[in-house]
Amino acid sequence: MASTLRKITMAVLAPAMAIGATVGLASAPASAAVWNSCDQWGSTSLNGYTLYNNIWGSGAGSQCIWANSGTNWGVWADHPNTGGIKSYPNSKKVVNKSITSLGSLSSNYNVSVPSSGAYNTSYDIWDTNYRYEIMLWVNKTGAVGPLGSSQGNVTLGGHTWTVYKGTNGSNQVFSFVRTSNSTSGTVNVLPILKWIKDTKGWFGNETIGDVQFGFEVTSSSGGLNFTTNNLTVSSS
């Protein structure tokens with residue numbers, strides 16, 4: 001979605017800022033996570049995954065991230081209902097393989113998400129040059145929608161999606177929005193990449209860099225919890 005390249009570049013370039021200090025770490029689960037942060041660009045690496053608090057949108061409120069591992073983590077977020085994406089807290093696995101050299105690329109996910117607010121739960125997949133962004137929305141709630149125009153429905157990777165093609169001004173964005181919400185499942189990512197490359201010809205043999213998974217939050221007024229109970233990204 002909008003200006004998603006900022007999710008990556010700003011996390012590197014911008015200074016750390018404490019946001020929601022009054023909320024503190026009380027938002028983290030009582031089981032005492034191994035890492036937590038309320039910093040705008042809070043980040044750490046755990047068992048092969050990199051976690052980002054990643055509050056990048058304008059008009060954001062408070063948000064704190066916690067993690068027991070790179071595959072079990074969550075956020076408490078209190079963002080106002082003012083429109084526009086406020087954050088994309090996520091866990092990232094680096095692949096760094098071209099599409100044709102990949103034998104497999106898949107992911108399992110299991111999340112607990114609120115019934116209110118405005119957000120999507122999504123994969124955000126980038127080539128190493130950040131020219132192309134592939135988003136896979138596994139659920140969405142509230143007034144949110146992808147960039148671009150609808151290209152129709154397709155069944156790929158174990159799910160049926162409505163496909164959107166657009167641009168955020170910096171890069172091409174291909175969004176796959178699941179036709180019904182899901183909180184757990186397996187996504188076979190490689191057939192989706194091959195469909196974009198071979199069937200549609202929207203890009204060539206790109207090298208896939210980052211596979212991110214997280215919550216793109218537009219509003220969560222009053223404070224809502226988003227939890228990744230389990231996530232695995234595997235490739236060969």
Side-chain angles (χ1 to χ4, degrees), residues 1 4-13 43-52 54 67 69-73 88-111 120-138 146-148 151 154-161 163-168 170-178 182 184-216 228 230-236:
M1 291 230 6
T4 43
L5 189 58
R6 291 181 62 194
K7 302 173 194 171
I8 294 173
T9 56
M10 289 187 71
V12 175
L13 298 175
S43 177
T44 194
S45 294
L46 292 170
N47 61 288
Y49 294 79
T50 302
L51 292 140
Y52 296 105
N54 198 24
S69 68
T71 62
N72 173 220
W73 59 276
Y88 180 62
N90 68 86
S91 177
K92 179 183 77 174
K93 187 73 174 286
V94 177
V95 175
N96 281 347
K97 289 186 177 181
S98 68
I99 295 171
T100 56
S101 69
L102 280 166
S104 64
L105 177 58
S106 64
S107 178
N108 298 315
Y109 63 93
N110 184 301
V111 299
N120 67 72
T121 303
S122 57
Y123 292 87
D124 208 6
I125 302 166
W126 295 87
D127 68 296
T128 51
N129 292 318
Y130 300 111
R131 291 182 300 179
Y132 302 104
E133 178 182 16
I134 303 98
M135 295 200 76
L136 312 177
W137 293 26
V138 297
L147 285 173
Q151 307 295 305
V154 65
T155 299
L156 288 168
H159 304 263
T160 300
W161 318 87
V163 182
Y164 295 82
K165 182 176 182 286
T167 180
N168 60 23
S170 300
N171 50 273
Q172 296 293 311
V173 183
F174 311 116
S175 299
F176 291 70
V177 180
R178 202 176 188 275
S182 170
S184 64
T186 300
V187 180
N188 190 357
V189 179
L190 186 54
I192 296 172
L193 300 177
K194 288 183 174 180
W195 182 82
I196 297 171
K197 172 184 172 290
D198 298 328
T199 302
K200 305 304 289 186
W202 290 339
F203 54 48
N205 186 29
E206 302 299 324
T207 298
I208 301 303
D210 302 345
V211 177
Q212 304 171 351
F213 178 86
F215 309 100
E216 195 171 51
T228 301
N230 187 57
L231 167 73
T232 60
V233 177
S234 57
S235 63
S236 65

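One-based numbering along the sequence shown.
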Compute whether any side-chain donor of one residue and acceptor of the other, for Thr71 and Ser69, lie under 3.5 angstrom apart. yes

Please test Trp126 against Phe203 for ring-ring contact (aromatic ring centres under 6.0 Å, His included), starting from the C-alpha separation and ending with a verdict. CA-CA 12 Å; Trp126 295 87; Phe203 54 48; over 10 Å; no

Do Trp195 and Phe176 have side chains that approach each other closer than 4.5 Å (heavy atoms only, starting at C-beta)? yes

Rounded to the nearest 0.5 Å, the CG atom of Leu136 sits from the OG atom of Ser122 at a distance of 8.0 Å

Thr186-Asn108 side chain donor-acceptor pair, cut-off 3.5 Å: yes

Would you say the side chain of Glu216 lies within less than 4.5 Å of the side chain of Met135, judging by non-hydrogen atoms? yes

Passes side chain to side chain contact (heavy atoms under 4.5 Å, CB included), Phe174 versus Lys200? Steps please. CA-CA 11 Å; Phe174 311 116; Lys200 305 304 289 186; over 6 Å; no

Ring centroid separation Trp137 to Tyr109 under 6.0 Å: no

Using the side chain to side chain contact (heavy atoms under 4.5 Å, CB included) definition, which of the options Thr228, Thr44, Leu46 pairs with Trp73? Thr228

How about Trp161 and Val177: do any of their side-chain heavy atoms sit closer than 4.5 Å? no

Mind checking whether Lys197 and Thr100 have side chains closer than 4.5 Å, heavy atoms only? yes

Just wondering, do Leu105 and Leu193 contact through their side chains at under 4.5 Å, heavy atoms? yes

Heavy-atom side-chain proximity of Phe213 to Thr232 below 4.5 angstrom: no

Please report the shortest heavy-atom distance between Ser45 and Thr50, naming the atom on each side. OG-OG1, 3.4 Å

After noting the C-alpha distance and the side-chain angles of Lys194 and Leu190, does the key distance pass the side chain to side chain contact (heavy atoms under 4.5 Å, CB included) rule? CA-CA 6 Å; Lys194 288 183 174 180; Leu190 186 54; 3.9 Å; yes

Is there a side-chain contact between Leu102 and Val95 (heavy atoms, below 4.5 Å)? yes

If we ignore hydrogens and angles and just use 3.5 Å, is the side chain of Tyr49 paired with the main-chain N or O of Val233 as donor and acceptor? yes

Please name the pair of heavy atoms, one in Leu156 and one in Pro191, separated by the smallest distance, quoted to 0.1 Å. CD2-O, 4.2 Å

Side-chain contact, heavy-atom cut-off 4.5 Å: Tyr123 with Ile134? no

